[in-house]
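See structure below.
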Amino acid sequence: MNVAIDLHPGKTPPKPISWKFGPAIPAVKCVNLALQGGSAHGAFTWGVLDRLLEEPRIEVEGVSATSAGAMNAAVMAHGLTTGGRKGAREALEEFWHGVARISAPFGALQLFEVVSRFLSPYQLNPFNYNPLRQLIRQVIDFERLRQGSAIKLFLPATNVRTGKIKVFTDKEITADCVLASACLPFLYQAVEVDGEHYWDGGYMGNPALFPLIYSCQSGDILIVHVNPIERPDKPTSAREIMNRVNEISFNSSLMREMRAVAFVTKLIDDGKLSQSDAKRVLIHSVCADDVMCGLGAASKLNADVGFLRQLRALGWERAQAWIDDHFDDLGSRSTVDIRAAYL
(Lines give C-alpha, C1' and ligand atoms only; values in the text may rest on other atoms or scores of the structure.)
Protein backbone atom coordinates (compact mmCIF):
# COMPACT_ATOMS: atom_id res chain seq x y z
CA MET A 1 0.00 0.00 0.00
CA ASN A 2 1.37 3.49 -0.94
CA VAL A 3 0.35 6.55 1.10
CA ALA A 4 1.30 10.07 -0.17
CA ILE A 5 1.38 12.81 2.50
CA ASP A 6 1.56 16.52 1.33
CA LEU A 7 3.57 18.29 4.05
CA HIS A 8 3.94 21.61 2.15
CA PRO A 9 0.74 22.77 0.42
CA GLY A 10 1.36 24.94 -2.65
CA LYS A 11 4.94 23.80 -3.03
CA THR A 12 6.46 21.05 -5.04
CA PRO A 13 5.44 18.00 -3.12
CA PRO A 14 8.17 15.75 -1.80
CA LYS A 15 8.47 12.18 -2.91
CA PRO A 16 5.71 10.13 -1.39
CA ILE A 17 6.46 8.05 1.65
CA SER A 18 5.87 4.38 0.87
CA TRP A 19 4.57 1.96 3.47
CA LYS A 20 4.87 -1.63 2.34
CA PHE A 21 3.18 -4.37 4.23
CA GLY A 22 3.85 -8.07 3.75
CA PRO A 23 1.16 -10.73 3.72
CA ALA A 24 -0.93 -10.94 6.88
CA ILE A 25 0.31 -13.52 9.36
CA PRO A 26 -2.57 -15.91 10.16
CA ALA A 27 -3.57 -16.18 13.80
CA VAL A 28 -2.53 -19.41 15.48
CA LYS A 29 -5.02 -20.86 17.94
CA CYS A 30 -4.32 -23.46 20.56
CA VAL A 31 -6.71 -26.31 21.33
CA ASN A 32 -6.87 -29.44 23.43
CA LEU A 33 -8.09 -32.73 22.01
CA ALA A 34 -10.28 -35.36 23.63
CA LEU A 35 -10.18 -38.62 21.65
CA GLN A 36 -12.67 -41.43 22.15
CA GLY A 37 -11.89 -45.09 21.71
CA GLY A 38 -13.64 -47.48 19.36
CA SER A 39 -11.19 -50.14 18.16
CA ALA A 40 -10.92 -50.06 14.34
CA HIS A 41 -13.26 -47.06 14.25
CA GLY A 42 -10.33 -45.13 15.69
CA ALA A 43 -9.17 -44.79 12.08
CA PHE A 44 -11.78 -42.02 11.84
CA THR A 45 -9.77 -40.16 14.48
CA TRP A 46 -6.64 -40.80 12.44
CA GLY A 47 -8.22 -38.82 9.61
CA VAL A 48 -9.24 -35.97 11.94
CA LEU A 49 -5.72 -35.73 13.35
CA ASP A 50 -4.19 -35.86 9.89
CA ARG A 51 -6.21 -32.80 8.84
CA LEU A 52 -5.49 -30.89 12.05
CA LEU A 53 -1.77 -31.55 11.63
CA GLU A 54 -1.97 -30.02 8.15
CA GLU A 55 -3.54 -26.83 9.53
CA PRO A 56 -0.84 -24.25 10.44
CA ARG A 57 -3.36 -22.07 12.27
CA ILE A 58 -4.08 -24.76 14.88
CA GLU A 59 -1.68 -25.98 17.55
CA VAL A 60 -2.40 -28.77 20.01
CA GLU A 61 -1.51 -28.23 23.65
CA GLY A 62 -2.79 -31.39 25.30
CA VAL A 63 -4.60 -34.63 24.45
CA SER A 64 -6.75 -36.82 26.67
CA ALA A 65 -7.55 -40.14 25.03
CA THR A 66 -8.65 -43.69 25.71
CA SER A 67 -8.41 -47.04 23.93
CA ALA A 68 -7.81 -46.55 20.19
CA GLY A 69 -7.77 -42.82 20.95
CA ALA A 70 -4.88 -43.39 23.35
CA MET A 71 -2.91 -45.13 20.63
CA ASN A 72 -3.62 -42.31 18.19
CA ALA A 73 -2.57 -39.77 20.82
CA ALA A 74 0.67 -41.52 21.75
CA VAL A 75 1.65 -42.06 18.11
CA MET A 76 0.93 -38.42 17.27
CA ALA A 77 2.88 -37.18 20.29
CA HIS A 78 5.86 -39.31 19.28
CA GLY A 79 5.75 -38.01 15.70
CA LEU A 80 5.46 -34.38 16.78
CA THR A 81 8.34 -34.80 19.23
CA THR A 82 10.73 -36.43 16.80
CA GLY A 83 9.67 -34.99 13.44
CA GLY A 84 7.16 -32.17 13.84
CA ARG A 85 3.83 -32.18 12.02
CA LYS A 86 5.16 -34.16 9.06
CA GLY A 87 6.63 -36.72 11.43
CA ALA A 88 3.31 -37.04 13.26
CA ARG A 89 1.36 -37.65 10.05
CA GLU A 90 3.89 -40.24 8.91
CA ALA A 91 3.82 -41.99 12.29
CA LEU A 92 0.01 -42.25 12.24
CA GLU A 93 0.14 -43.66 8.70
CA GLU A 94 2.73 -46.23 9.77
CA PHE A 95 0.73 -47.23 12.83
CA TRP A 96 -2.59 -47.81 11.08
CA HIS A 97 -1.01 -49.69 8.20
CA GLY A 98 0.72 -51.76 10.87
CA VAL A 99 -2.65 -52.49 12.49
CA ALA A 100 -3.94 -53.80 9.16
CA ARG A 101 -0.80 -55.84 8.60
CA ILE A 102 -0.72 -57.61 11.97
CA SER A 103 -4.47 -58.22 11.97
CA ALA A 104 -4.52 -60.00 8.62
CA PRO A 105 -3.16 -63.35 9.93
CA PHE A 106 -5.75 -63.22 12.70
CA GLY A 107 -8.63 -62.68 10.29
CA ALA A 108 -11.13 -64.33 12.61
CA LEU A 109 -11.23 -61.41 15.04
CA GLN A 110 -15.02 -61.45 14.95
CA LEU A 111 -15.01 -65.13 15.90
CA PHE A 112 -12.53 -64.35 18.69
CA GLU A 113 -14.94 -61.73 20.01
CA VAL A 114 -17.85 -64.20 20.00
CA VAL A 115 -15.87 -66.93 21.74
CA SER A 116 -14.73 -64.44 24.39
CA ARG A 117 -18.32 -64.27 25.64
CA PHE A 118 -17.95 -67.85 26.86
CA LEU A 119 -14.24 -68.01 27.72
CA SER A 120 -12.25 -65.40 29.59
CA PRO A 121 -9.05 -64.05 28.00
CA TYR A 122 -7.14 -65.99 30.66
CA GLN A 123 -8.57 -69.19 29.15
CA LEU A 124 -8.71 -68.09 25.52
CA ASN A 125 -5.30 -66.42 25.46
CA PRO A 126 -3.30 -67.91 28.37
CA PHE A 127 0.04 -66.58 27.09
CA ASN A 128 -1.45 -63.06 26.96
CA TYR A 129 -0.32 -62.42 23.41
CA ASN A 130 -1.20 -58.95 22.11
CA PRO A 131 0.19 -58.12 18.66
CA LEU A 132 -0.36 -54.40 19.30
CA ARG A 133 2.35 -54.42 21.98
CA GLN A 134 5.14 -55.01 19.48
CA LEU A 135 3.63 -52.55 16.99
CA ILE A 136 3.45 -49.59 19.36
CA ARG A 137 6.94 -50.32 20.64
CA GLN A 138 8.13 -50.27 17.06
CA VAL A 139 6.35 -47.03 16.17
CA ILE A 140 6.78 -45.04 19.43
CA ASP A 141 9.99 -44.03 21.19
CA PHE A 142 8.61 -44.02 24.73
CA GLU A 143 11.89 -43.01 26.36
CA ARG A 144 12.01 -39.90 24.16
CA LEU A 145 8.42 -39.03 25.08
CA ARG A 146 9.17 -39.32 28.78
CA GLN A 147 12.14 -37.01 28.37
CA GLY A 148 10.04 -34.28 26.78
CA SER A 149 6.90 -34.67 24.71
CA ALA A 150 5.90 -31.95 22.25
CA ILE A 151 2.36 -32.07 23.69
CA LYS A 152 0.81 -33.00 27.02
CA LEU A 153 -0.59 -36.53 27.12
CA PHE A 154 -3.28 -37.88 29.43
CA LEU A 155 -4.27 -41.53 28.96
CA PRO A 156 -6.99 -42.73 31.38
CA ALA A 157 -7.26 -46.36 32.46
CA THR A 158 -9.54 -48.12 34.95
CA ASN A 159 -7.97 -49.65 38.06
CA VAL A 160 -9.46 -53.15 38.31
CA ARG A 161 -8.96 -53.38 42.08
CA THR A 162 -10.27 -49.97 43.15
CA GLY A 163 -12.58 -49.12 40.26
CA LYS A 164 -10.98 -45.67 40.15
CA ILE A 165 -9.55 -43.82 37.20
CA LYS A 166 -5.81 -43.63 36.65
CA VAL A 167 -4.46 -41.04 34.25
CA PHE A 168 -1.06 -41.85 32.76
CA THR A 169 0.87 -38.80 31.51
CA ASP A 170 3.67 -38.29 29.02
CA LYS A 171 6.10 -38.09 31.97
CA GLU A 172 5.52 -41.75 32.83
CA ILE A 173 4.24 -43.26 29.59
CA THR A 174 5.23 -46.78 28.56
CA ALA A 175 3.81 -49.30 26.11
CA ASP A 176 1.94 -50.89 29.01
CA CYS A 177 0.30 -47.57 29.88
CA VAL A 178 -1.09 -47.30 26.34
CA LEU A 179 -2.22 -50.93 26.34
CA ALA A 180 -3.84 -50.47 29.76
CA SER A 181 -5.94 -47.60 28.42
CA ALA A 182 -7.04 -49.87 25.56
CA CYS A 183 -7.58 -53.12 27.46
CA LEU A 184 -11.05 -54.49 26.75
CA PRO A 185 -11.54 -57.01 29.58
CA PHE A 186 -13.40 -59.59 27.48
CA LEU A 187 -10.62 -59.68 24.91
CA TYR A 188 -7.39 -59.10 26.84
CA GLN A 189 -5.97 -59.87 30.25
CA ALA A 190 -5.71 -56.88 32.57
CA VAL A 191 -2.50 -54.93 32.02
CA GLU A 192 -0.17 -54.61 35.00
CA VAL A 193 1.56 -51.28 35.63
CA ASP A 194 3.54 -50.73 38.84
CA GLY A 195 1.80 -53.59 40.63
CA GLU A 196 -1.76 -52.53 39.74
CA HIS A 197 -3.97 -54.02 37.04
CA TYR A 198 -5.93 -51.95 34.57
CA TRP A 199 -8.75 -52.22 32.07
CA ASP A 200 -9.90 -49.88 29.32
CA GLY A 201 -10.08 -46.23 30.35
CA GLY A 202 -13.41 -45.85 28.59
CA TYR A 203 -15.26 -47.16 31.63
CA MET A 204 -14.20 -44.14 33.68
CA GLY A 205 -13.57 -41.50 31.02
CA ASN A 206 -14.10 -41.78 27.28
CA PRO A 207 -12.29 -39.53 27.20
CA ALA A 208 -11.67 -37.77 30.53
CA LEU A 209 -11.87 -34.00 30.23
CA PHE A 210 -10.69 -32.96 33.68
CA PRO A 211 -6.95 -33.38 32.96
CA LEU A 212 -7.30 -30.90 30.08
CA ILE A 213 -9.24 -28.46 32.26
CA TYR A 214 -6.84 -28.62 35.20
CA SER A 215 -3.49 -28.98 33.43
CA CYS A 216 -3.73 -26.99 30.19
CA GLN A 217 -3.90 -23.25 29.51
CA SER A 218 -6.20 -23.43 26.50
CA GLY A 219 -9.90 -23.39 27.29
CA ASP A 220 -10.91 -24.95 23.95
CA ILE A 221 -11.54 -28.70 23.92
CA LEU A 222 -12.24 -30.46 20.63
CA ILE A 223 -13.89 -33.84 21.21
CA VAL A 224 -13.50 -36.42 18.45
CA HIS A 225 -16.50 -38.73 18.75
CA VAL A 226 -16.32 -42.32 17.60
CA ASN A 227 -19.19 -43.84 19.61
CA PRO A 228 -22.65 -42.54 18.62
CA ILE A 229 -24.52 -40.94 21.50
CA GLU A 230 -27.91 -41.50 19.88
CA ARG A 231 -29.18 -44.28 17.64
CA PRO A 232 -32.46 -44.04 15.73
CA ASP A 233 -33.32 -47.74 15.88
CA LYS A 234 -33.87 -50.17 18.73
CA PRO A 235 -31.22 -52.91 18.89
CA THR A 236 -32.74 -56.38 18.71
CA SER A 237 -29.96 -58.92 18.08
CA ALA A 238 -27.65 -60.02 20.86
CA ARG A 239 -24.66 -58.36 19.18
CA GLU A 240 -26.56 -55.11 18.57
CA ILE A 241 -27.71 -55.02 22.20
CA MET A 242 -24.20 -55.63 23.52
CA ASN A 243 -22.80 -52.99 21.20
CA ARG A 244 -25.37 -50.43 22.35
CA VAL A 245 -24.74 -51.26 26.03
CA ASN A 246 -21.04 -50.63 25.44
CA GLU A 247 -21.73 -47.34 23.65
CA ILE A 248 -23.93 -46.10 26.47
CA SER A 249 -21.44 -47.24 29.11
CA PHE A 250 -18.49 -45.65 27.34
CA ASN A 251 -20.36 -42.38 26.78
CA SER A 252 -21.73 -42.10 30.32
CA SER A 253 -18.59 -40.65 31.91
CA LEU A 254 -18.36 -38.00 29.21
CA MET A 255 -22.00 -37.08 29.77
CA ARG A 256 -21.34 -36.61 33.49
CA GLU A 257 -18.37 -34.35 32.86
CA MET A 258 -20.41 -32.33 30.37
CA ARG A 259 -23.05 -31.77 33.04
CA ALA A 260 -20.34 -30.33 35.31
CA VAL A 261 -19.03 -28.11 32.48
CA ALA A 262 -22.53 -26.83 31.79
CA PHE A 263 -23.11 -26.14 35.49
CA VAL A 264 -19.90 -24.13 35.93
CA THR A 265 -20.49 -22.25 32.67
CA LYS A 266 -23.96 -21.20 33.85
CA LEU A 267 -22.57 -19.97 37.17
CA ILE A 268 -20.03 -17.84 35.27
CA ASP A 269 -22.67 -16.51 32.86
CA ASP A 270 -25.01 -15.65 35.76
CA GLY A 271 -22.26 -13.75 37.55
CA LYS A 272 -22.28 -16.15 40.50
CA LEU A 273 -18.75 -17.34 39.83
CA SER A 274 -15.76 -15.31 38.71
CA GLN A 275 -13.58 -16.50 35.83
CA SER A 276 -10.65 -15.86 38.15
CA ASP A 277 -12.05 -18.64 40.36
CA ALA A 278 -13.17 -21.04 37.61
CA LYS A 279 -12.11 -21.72 34.06
CA ARG A 280 -14.53 -21.19 31.20
CA VAL A 281 -14.35 -24.25 28.97
CA LEU A 282 -15.31 -24.03 25.31
CA ILE A 283 -16.51 -27.29 23.80
CA HIS A 284 -16.27 -28.30 20.13
CA SER A 285 -16.76 -31.64 18.42
CA VAL A 286 -16.07 -33.58 15.26
CA CYS A 287 -18.22 -36.64 14.66
CA ALA A 288 -19.81 -38.81 12.00
CA ASP A 289 -22.74 -40.35 13.85
CA ASP A 290 -24.71 -40.49 10.61
CA VAL A 291 -22.14 -42.92 9.22
CA MET A 292 -21.12 -44.70 12.45
CA CYS A 293 -24.74 -45.62 13.21
CA GLY A 294 -24.85 -47.54 9.93
CA LEU A 295 -21.77 -49.63 10.73
CA GLY A 296 -22.34 -52.97 12.41
CA ALA A 297 -20.76 -53.81 15.74
CA ALA A 298 -18.45 -56.29 14.02
CA SER A 299 -16.89 -53.45 12.01
CA LYS A 300 -15.03 -52.33 15.14
CA LEU A 301 -12.90 -55.43 14.64
CA ASN A 302 -12.50 -54.92 10.88
CA ALA A 303 -8.84 -54.02 10.35
CA ASP A 304 -8.90 -54.34 6.57
CA VAL A 305 -6.68 -51.60 5.20
CA GLY A 306 -9.35 -50.47 2.72
CA PHE A 307 -11.91 -50.04 5.49
CA LEU A 308 -9.43 -48.18 7.71
CA ARG A 309 -8.56 -45.79 4.90
CA GLN A 310 -12.24 -45.13 4.24
CA LEU A 311 -12.68 -44.13 7.87
CA ARG A 312 -9.55 -41.99 7.66
CA ALA A 313 -10.94 -40.17 4.62
CA LEU A 314 -14.22 -39.60 6.46
CA GLY A 315 -12.38 -38.16 9.47
CA TRP A 316 -10.31 -35.86 7.26
CA GLU A 317 -13.45 -34.62 5.52
CA ARG A 318 -15.32 -33.95 8.79
CA ALA A 319 -12.32 -32.15 10.28
CA GLN A 320 -12.10 -29.95 7.19
CA ALA A 321 -15.77 -29.06 7.52
CA TRP A 322 -15.30 -28.20 11.20
CA ILE A 323 -12.32 -25.94 10.42
CA ASP A 324 -14.27 -24.19 7.67
CA ASP A 325 -17.27 -23.61 9.91
CA HIS A 326 -15.75 -22.97 13.32
CA PHE A 327 -12.10 -21.92 13.26
CA ASP A 328 -13.06 -18.30 13.98
CA ASP A 329 -15.04 -19.46 17.04
CA LEU A 330 -11.98 -20.89 18.78
CA GLY A 331 -11.20 -18.89 21.88
CA SER A 332 -14.56 -17.10 21.87
CA ARG A 333 -17.44 -19.54 22.16
CA SER A 334 -18.47 -23.19 22.27
CA THR A 335 -19.67 -24.58 18.97
CA VAL A 336 -21.63 -27.38 20.61
CA ASP A 337 -24.94 -26.88 22.41
CA ILE A 338 -23.92 -28.84 25.49
CA ARG A 339 -27.44 -29.18 26.88
CA ALA A 340 -28.90 -30.37 23.61
CA ALA A 341 -26.05 -32.74 22.78
CA TYR A 342 -25.15 -34.22 26.16
CA LEU A 343 -27.69 -33.46 28.90
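Residue numbers count from 1 along this sequence.
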Item to complete: Please step through side chain to side chain contact (heavy atoms under 4.5 Å, CB included) for the pair Q217 and C30, ending with a clear verdict.
Response: CA-CA 9 Å; Q217 294 296 316; C30 194; over 6 Å; no
Worksheet item: Atom CG of N130 and atom CG of L187: how far apart are they, to the nearest 0.5 Å?
Response: 10.0 Å
Worksheet item: Can you check whether T81 reaches L145 side chain to side chain, under 4.5 Å on heavy atoms?
Response: yes
Item to complete: Report whether L49 and I323 are members of the same hydrophobic cluster (ILVMFWY, side-chain heavy atoms less than 4.5 Å apart, transitive linking).
Response: yes
Practice prompt. Kindly determine whether E192 and D176 satisfy side chain to side chain contact (heavy atoms under 4.5 Å, CB included), including the steps that lead there.
Written response: CA-CA 7 Å; E192 183 176 355; D176 283 338; over 6 Å; no
Worksheet item: Is a donor on one side and an acceptor on the other found under 3.5 Å between the side chain of S67 and the backbone of G69?
Response: no
Discussion item. Looking only at the side chains, is there a donor atom on one of H225 and D289 sitting less than 3.5 Å from an acceptor on the other?
Written reply: no
Practice prompt. Show your reasoning for whether side chain to side chain contact (heavy atoms under 4.5 Å, CB included) applies to L209 and L254.
Written response: CA-CA 8 Å; L209 302 185; L254 177 63; 4.0 Å; yes
Discussion item. I'd like to know whether CZ of R146 has more than 12 heavy-atom contacts from other residues, nucleotides or ligands below 6.0 angstrom.
Written reply: yes
Worksheet item: Hey, does F327 have a side-chain heavy atom less than 4.5 Å from the side chain of L330?
Response: yes
Worksheet item: Got more than 12 heavy atoms from elsewhere within 6.0 Å of CD, Q134?
Response: no
Worksheet item: Looking at side-chain heavy atoms only, is the closest gap between L132 and V178 below 4.5 Å?
Response: no
Worksheet item: Aromatic ring centroids of Y198 and F168 under 6.0 Å?
Response: yes
Worksheet item: How many angstroms lie between CZ in R312 and CG in D50, if you round to the nearest 0.5 Å?
Response: 4.5 Å
Discussion item. If I take atom CZ from residue R133 and atom CD from residue Q138, how far apart are they, to the nearest 0.5 angstrom?
Written reply: 15.0 Å
Fill in: Backbone of L155 reached by a side-chain donor or acceptor of S181 within 3.5 Å
no
Item to complete: Spell out, as yes or no, whether a donor-acceptor pair under 3.5 Å connects the side chain of R137 to the backbone of A175.
Response: no
Worksheet item: Should E240 and R244 count as an ion pair when the cut-off is N to O under 4.0 Å?
Response: no
Worksheet, complete the sentence: Nearest heavy-atom contact between G38 and N227 is CA-OD1, 4.5 Å
Worksheet entry | Min side-chain heavy-atom separation V31-E59 under 4.5 Å | no
Worksheet item: Is D290 salt-bridged to R318, going by a charged N under 4.0 Å from an acidic O?
Response: yes
Worksheet, complete the sentence: Nearest heavy-atom approach of A74 to I140 is CB-CD1, 3.7 Å
Worksheet item: Which class fits the ring pair W46 and W96: parallel under 30°, tilted 30 to 60°, perpendicular over 60°?
Response: parallel
Worksheet item: Cluster question for you: counting only ILVMFWY and a side-chain heavy-atom cut-off of under 4.5 Å, with indirect links fine, are L343 and I223 together?
Response: yes
Practice prompt. Please check if the side chain of S332 supplies one atom and the backbone of D329 the other of a donor-acceptor pair under 3.5 Å.
Written response: yes
Discussion item. With heavy-atom distances below 4.5 Å as the criterion, would you say the side chains of I165 and F210 are in contact?
Written reply: yes
Worksheet item: If you take all heavy atoms of D277 and L273, which pair is closest and at what distance?
Response: CB-CD1, 4.2 Å
Worksheet item: Is there a side-chain contact between R51 and I58 (heavy atoms, below 4.5 Å)?
Response: no
Discussion item. Test your reading of the model: is there a side-chain donor-acceptor pair from K300 to the backbone of G42, 3.5 Å cut-off?
Written reply: no
Worksheet entry | Least distance between heavy atoms, D200 atom then G202 atom | OD1-N, 2.6 Å
Fill in: Distance, nearest 0.5 Å, that separates CG of L52 from CH2 of W322
7.0 Å
Worksheet item: About how many Å separate CG of D220 and OG of S334, when rounded to the nearest 0.5 Å?
Response: 8.0 Å
Practice prompt. May I ask you to check whether Q36 and N251 show a side-chain donor-acceptor distance below 3.5 Å?
Written response: yes
Discussion item. Does this structure show an ion pair linking K86 with E90, if we count only N-O contacts that are shorter than 4.0 Å?
Written reply: yes
Item to complete: Please test D269 against R280 for side chain to side chain contact (heavy atoms under 4.5 Å, CB included), starting from the C-alpha separation and ending with a verdict.
Response: CA-CA 10 Å; D269 289 343; R280 179 184 290 277; 2.7 Å; yes
Worksheet item: Within the side chain of D170, is there an N or O that forms a donor-acceptor pair under 3.5 Å with the backbone of L153?
Response: yes
Fill in: Test item: side-chain donor near acceptor, R333 and H326, under 3.5 Å
no
Worksheet item: Nearest heavy-atom pair of A190 and C183: which atoms, and what distance?
Response: CA-SG, 3.9 Å
Worksheet entry | Atom pair OG1/CG of T174 and L179 - distance to nearest 0.5 Å | 8.0 Å
Worksheet entry | Linked, directly or transitively: V264 and I221 (ILVMFWY side chains, under 4.5 Å) | no
Discussion item. I'd like to know whether CG of D194 has more than 12 heavy-atom contacts from other residues, nucleotides or ligands below 6.0 angstrom.
Written reply: no
Worksheet entry | Pair N206-S253, side-chain donor/acceptor within less than 3.5 Å | no
Practice prompt. Return the minimal non-hydrogen interatomic distance between P207 and E257, and the atom names on each side.
Written response: O-OE1, 3.7 Å
Discussion item. Quick check on the 6.0 Å ring-centre criterion: do H197 and Y188 meet it?
Written reply: no
Discussion item. Treating T169 as the side-chain partner and K171 as the backbone partner, does any N or O pair qualify as donor plus acceptor under 3.5 Å?
Written reply: yes
Item to complete: Could you state whether I102 and L308 fall into the same hydrophobic cluster, counting links through intermediate Ile, Leu, Val, Met, Phe, Trp or Tyr residues with side-chain heavy atoms under 4.5 angstrom apart?
Response: yes
Fill in: Cluster overlap I213 with L282, hydrophobic side-chain contacts below 4.5 Å
no
Discussion item. Please determine whether a side-chain nitrogen of the Lys or Arg among E196 and R161 lies less than 4.0 Å from a carboxylate oxygen of the Asp or Glu.
Written reply: yes
Practice prompt. Using a 4.5 Å cut-off on heavy atoms from C-beta on, say whether the side chain of W316 contacts that of E54.
Written response: yes
Discussion item. Has R339 got a side-chain atom pairing as donor or acceptor with R259's backbone, closer than 3.5 angstrom?
Written reply: no
Worksheet item: Are I229 and M255 side-chain neighbours, meaning at least one heavy-atom pair lies under 4.5 Å?
Response: yes
